[in-house]
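Report on the following structure.
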Amino acid sequence: MSISLSSPSVDTPDGFEARLQRRNVLQQSALSTVPSNAVHKPHGAIPNTPLAASTVSFILGGLFSPALLLFTLGALDILPRPCYQLGFFAAAWAGFHWLEFAVTAGWNLEKCSTDSFLLENGAPYHIANTVAILEYILTLYFKPSLKSYPYISVIGIAMTLVGQTLRSTAMIHASTNFSHSVAFRKLETHQLVTDGIYAWFRHPSYAGFFYWALGTQLVLQNPISFVGFTIVTWRFFYFRTRAEERALVKFFGDDYVDYRKRVGVMIPFIP
């Protein structure tokens, strides 16, 4: 989420370079994972310590590396070809969660904590990914021919990479204005970001995750999970953007209304 004051003060950064400078000022310590604002205090079960952060990163890296190797060997036909599908999915999943923390730590340290990994998104999120893996394995076992359409997986790979790039770029460009949770209280440092990627997408981080999630299911060629992911993620972002934009209009009035008229969400059927 990116928000701003209608009239930036001398303490409010204006432009990407200024946001980077403010980020450098706010960095307390290279190893700090304690948000500077109590609003962003972590609520998850993972301890908010550098040790926990490094351990989670190690585990995610331990999954990403063999998954990437599995993808590569499968794509080169050194291993059975379907291996590249599951390998890519696992690498994309691990890479996504690591990047959420890494980008927050690098460009938004005042909000960084172990919650930034987004590993505690709730049971439905993990159930959905588990169902996707089970659908893939069961279909591959009983009807492997249904996984033999490489062009579908190629489209999924491209969609996943574009979605990840879009989301990470949005987080970097918004810098300290980005938040993993919707802000319903305006802070003095908030700024409406309308340049860069935000000139093309009103909510680029949401659009990025939407296409990332659907892309992973195209890679796996999971028709059931693809439909399920589409419905669930669309519904989530529809209601989230409605709630967030009501707050933004309340905060900034015509400034945000004009921006909303110019730039779309770029998720189908979300105005």
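Source: prediction; values computed, not measured.
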**Study point:** Within one Ile-Leu-Val-Met-Phe-Trp-Tyr cluster: Leu68 and Trp98, side-chain cutoff 4.5 Å
**Key:** no

Check your understanding: Quick one: do Phe96 and Phe71 end up in the same hydrophobic cluster if we chain Ile, Leu, Val, Met, Phe, Trp and Tyr together by side-chain heavy atoms under 4.5 Å apart?
Key -> no

Review point. Should Lys143 and Leu146 count as side-chain neighbours, where that means a heavy-atom distance under 4.5 Å?
Key: yes

Check your understanding: By ring pair (Phe, Tyr, Trp, His ring centres under 6.0 Å), which residues pair with Phe229, not counting sequence neighbours?
Key -> none

Practice item. Walk me through it: do His180 and Phe209 pass the test ring-ring contact (aromatic ring centres under 6.0 Å, His included)? Key: CA-CA 12 Å; His180 278 123; Phe209 182 84; over 10 Å; no

Review point. Can you tell if the side chain of Gln221 reaches within under 4.5 Å of the side chain of Ser153, non-hydrogen atoms only?
Key: yes

Practice item. Go through the steps for Tyr211 and Arg167 under the test side-chain contact (heavy atoms from CB on, under 4.5 Å), then give the verdict. Key: CA-CA 10 Å; Tyr211 293 113; Arg167 181 171 176 86; over 6 Å; no

Practice item. Output the distance between atom CG (Leu119) and atom CG (Asn121), rounded to the nearest 0.5 Å. Key: 8.0 Å

**Study point:** From NZ (Lys147) to CG (Leu86), nearest 0.5 Å
**Key:** 10.0 Å

Check your understanding: Less than 4.5 Å apart, any side-chain heavy atom of Pro82 and any of Tyr136?
Key -> yes

Point to revise | Listed partners of Trp234 passing ring pair (Phe, Tyr, Trp, His ring centres under 6.0 Å), at least two apart | key: Tyr238

Check your understanding: Are any of the side-chain heavy atoms of Arg246 and Arg242 separated by less than 4.5 Å?
Key -> yes

Check your understanding: Between His173 and Phe201, does the ring centre distance come in under 6.0 Å?
Key -> no

Exercise for review: Please tell me if the side chains of Leu214 and Leu218 come closer than 4.5 Å, counting only heavy atoms from C-beta onward.
Suggested key: no

Check your understanding: ring pair (Phe, Tyr, Trp, His ring centres under 6.0 Å) with Phe210: which residues, sequence neighbours excluded?
Key -> none

Check your understanding: So do Phe101 and Asp115 actually touch side chain to side chain, heavy atoms under 4.5 Å?
Key -> no

Review point. Passes side-chain contact (heavy atoms from CB on, under 4.5 Å), Phe237 versus Ile270? Steps please.
Key: CA-CA 8 Å; Phe237 287 127; Ile270 297 183; 4.2 Å; yes

Check your understanding: Side chains of Glu100 and Ser116: is there a donor and an acceptor less than 3.5 Å apart?
Key -> no

**Study point:** From SG (Cys83) to CG (Leu73), nearest 0.5 Å
**Key:** 8.5 Å

Exercise for review: State, without any angle test, whether Glu120 and His43 hold a side-chain donor-acceptor pair at a distance under 3.5 Å.
Suggested key: no

Exercise for review: Side-chain contact test, heavy atoms from C-beta onward, threshold under 4.5 Å: evaluate it for Asn129 versus Phe89 and give yes or no.
Suggested key: yes

Review point. Counting N and O atoms only, with roles assigned by atom type, does the side chain of Thr49 sit under 3.5 Å from a partner on the main chain of Ala52, one being a donor and the other an acceptor?
Key: yes

Check your understanding: Is there a donor-acceptor contact under 3.5 Å linking the side chains of Tyr259 and Arg202?
Key -> no

Study note, to complete from the structure: CD1 (Ile231) and CZ (Arg235) are apart, to the nearest 0.5 Å, by 10.5 Å

Review point. In Å, rounded to the nearest 0.5 Å, how long is the span from OG1 of Thr139 to CD1 of Ile224?
Key: 6.5 Å

Check your understanding: Looking at CH2 of Trp93 and NE2 of His97, how far apart are the two atoms once the value is rounded to the nearest 0.5 Å?
Key -> 4.5 Å

Point to revise | Side-chain donor-acceptor contact under 3.5 Å, Thr160 with Gln164 | key: no

Review point. Can a salt bridge be assigned to the pair Arg81 and Asp77 using a cut-off of 4.0 Å between side-chain N and carboxylate O?
Key: yes

Check your understanding: So do Asn108 and Val103 actually touch side chain to side chain, heavy atoms under 4.5 Å?
Key -> no

Practice item. Mind running side-chain contact (heavy atoms from CB on, under 4.5 Å) on Trp107 and Thr176 for me, showing each step along the way? Key: CA-CA 7 Å; Trp107 282 268; Thr176 56; over 6 Å; no

